[in-house]
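A short write-up of the structure that comes next.
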Amino acid sequence: MFKSASIRLAAWYVAILMAMSLAFSVWVYREATNELRMGIGAPFVIKLQDRLGRISESEVQALMEVQYADSQRRILFNLMLLNAGVFAVGALASYVLARRTLRPIEEALEAQNRFTADASHELRTPLAAMKTEIEVAIRDPKLSKDDMRELLQSNLEEIDRMSGLAQGLLTLARSGEDPHVKPVMAQEIVHDVLARMQPLADAKKITIKTDLANMRVLGDAKSIDAIVCILLDNAIKYSPQKSTITVSISREDSHGHIAIADQGPGISAEALPHVFDRFYRADSSRTKENVAGHGLGLSIAQKLVRAIGGTIRAQSAEGQGSTFTLRLPIVQ
């Protein structure tokens, strides 16, 4: 589809270019022939008389017409060569330009198609599970209250899963208002997140070590809170029992770094460039942890980071844990 669109767009580029080139050529031809007619006058007659001696006016006029026609042909031939070159070079350049123009649109459409397919798959899975459980329960004549309670509990879990997915999709799709970027205390925000996430770490007997420098950074408090919460939640999910997570705030040049490092299974070099892609989840076969999620958290974090003018970086290797670093400008 985009190849044919590129050809059509290139054709429009060439048509515009050739229209300009031909209009310029017509102007050049007219000006050149006018100047040529004015130039073939007395000097030309004098040269003929010097070369041929005394000749009649009719012979002079005939020779002038021959010279004028020959010069016209040369001018016209050179202009045709020029336009042919313009067409050849312009056609190639137009196609290259058309491909470059349409490539971002093509990539965006491909990303949208992948996003739609992934979202449909993620929504189909819990719906299929709920449908199967309900159909089995309906056909069971000996279904007890305890079985019904277990079924309803399972369905509620699937509904919560779909609600979380829908909320994540809305966060990614919503343009929303621009965040209110201003100086905020990074240490206070991280302390609040740690207090909320501590029960999750305690459930897995994970120790959270902190090294939090006190500094003001330029950002949005709610966005930074959400980003740190996503990163710390991921670190807890992928960390084994009784491991350690390190949360630090440090300064590098004119930027503050909020880093969260875990001792999880790590991420392979092949998977690392894709960890911020929507619905992307690295192969879980390397870890015994049953990690729930949709692969939207890091995509949401990256979107929030970009909105407040920061950057986020992932560093990891298989078997060596992972470190995610949020980088924001420091306010003096």
Side-chain angles (χ1 to χ4, degrees), residues 122 125-126 129-130 133 146-147 149-169 171 186-212 221-249 258-268 271 275-276 279-302 304-305 312 314-326:
E122 291 288 337
T125 301
M130 291 173 64
E133 289 179 346
D146 290 338
D147 293 334
R149 186 184 300 275
E150 184 178 349
L151 172 64
L152 293 175
Q153 182 63 38
S154 175
N155 286 345
L156 282 175
E157 290 175 359
E158 295 296 343
I159 291 172
D160 289 340
R161 186 171 183 266
M162 286 190 292
S163 297
L165 174 60
Q167 184 60 46
L169 293 174
T171 302
Q187 187 184 39
E188 295 177 2
I189 296 173
V190 173
H191 269 306
D192 290 341
V193 174
L194 289 172
R196 295 199 310 272
M197 303 296 289
Q198 189 63 50
L200 294 178
D202 292 340
K204 295 182 69 173
K205 298 180 180 179
I206 293 174
T207 301
I208 299 180
K209 293 183 177 180
T210 59
D211 182 14
L212 308 179
K222 290 183 179 180
S223 297
I224 297 173
D225 183 288
I227 295 163
V228 176
C229 188
I230 290 170
L231 297 181
L232 187 55
D233 181 60
N234 269 6
I236 294 172
K237 283 180 181 178
Y238 287 96
S239 292
Q241 298 274 345
K242 299 180 181 180
S243 60
T244 299
I245 293 175
T246 302
V247 181
S248 63
I249 299 177
I258 302 175
I260 298 175
D262 62 55
Q263 297 176 337
I267 306 169
S268 67
V275 293
F276 295 104
F279 294 108
Y280 184 85
R281 298 183 67 195
D283 183 14
S284 61
S285 61
R286 298 188 306 274
T287 175
K288 297 180 180 179
E289 300 295 326
N290 183 17
V291 179
H294 305 283
L296 291 177
L298 290 177
S299 296
I300 294 172
Q302 187 180 58
L304 294 173
V305 169
I312 188 170
Q315 295 173 291
S316 185
E318 288 188 68
Q320 299 181 18
S322 304
T323 301
F324 287 84
T325 305
L326 169 61

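Position 1 is the first residue of the sequence; numbering continues from there.
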Separation of Ile189 CD1 from Ile224 CD1 (nearest 0.5 Å)
4.5 Å
How close do Ala261 and Thr323 get, counting heavy atoms only, and between which atoms?
CB-OG1, 3.4 Å
Considering all heavy atoms, the nearest Gln241-Lys205 contact:
OE1-N, 4.3 Å
Is there a side-chain contact (heavy atoms from CB on, under 4.5 Å) between Asp211 and Thr246 once you walk through the steps?
CA-CA 8 Å; Asp211 182 14; Thr246 302; 5.7 Å; no
Rounded to the nearest 0.5 Å, what separates atom OG in Ser223 from atom CG in Leu326?
10.5 Å
If I compare all heavy atoms of Ser239 with all of Lys204, which pair ends up nearest, and what's the gap?
O-NZ, 2.6 Å
Closest non-hydrogen atom pair between Gly266 and Ser322, with its separation
CA-OG, 3.7 Å
To the nearest 0.5 Å, atom OG1 of Thr210 lies from atom NE2 of His191 at 6.5 Å
Decide yes or no for Ile236 and Asp262: does some side-chain heavy atom of the first lie under 4.5 Å from some side-chain heavy atom of the second?
no
Close side-chain approach of Val228 to Met197, heavy-atom, < 4.5 Å
no
Please identify each residue that fulfils side-chain hydrogen bond (donor to acceptor under 3.5 Å, both in side chains) with Asn155, with sequence neighbours left out.
none
Contacts of Gln315 that satisfy side-chain hydrogen bond (donor to acceptor under 3.5 Å, both in side chains) - sequence neighbours left out:
none
Beyond-backbone contact of Ile312 with Phe276, side-chain heavy atoms, under 4.5 angstrom
yes
Begin from the C-alpha positions of Ile258 and Leu212 and carry the test side-chain contact (heavy atoms from CB on, under 4.5 Å) through to its verdict.
CA-CA 9 Å; Ile258 302 175; Leu212 308 179; over 6 Å; no
Can you tell me which residue pairs pass the salt bridge (charged side-chain N to carboxylate O under 4.0 Å, His left out) test with a partner in residues 225-236, sequence neighbours excluded?
Arg196-Asp225, Asp233-Lys237
Quick check for you: to the nearest 0.5 Å, what is the distance between Ile206 atom CD1 and Lys242 atom NZ?
12.0 Å
Derivation of the side-chain contact (heavy atoms from CB on, under 4.5 Å) call for Phe324 and Asn234
CA-CA 10 Å; Phe324 287 84; Asn234 269 6; 5.7 Å; no
Considering all heavy atoms, the nearest Ala259-Thr325 contact
CB-OG1, 3.8 Å
Ser316 versus Gly321, closest heavy-atom pair with distance
OG-O, 2.9 Å
Could you measure the distance from the CG atom of Asp202 to the OG1 atom of Thr207? Nearest 0.5 Å is fine.
9.0 Å
From Leu304 CG over to Ile227 CD1, what is the distance, rounded to the nearest 0.5 angstrom?
5.0 Å
Would a distance-only check, ignoring hydrogens and angles, find a side-chain to backbone donor-acceptor pair under 3.5 Å from Glu318 to Ser268?
no
Would you indicate whether Gln198, at its atom CD, is surrounded by more than 12 heavy atoms from other residues, nucleotides or ligands within a distance under 6.0 Å?
yes
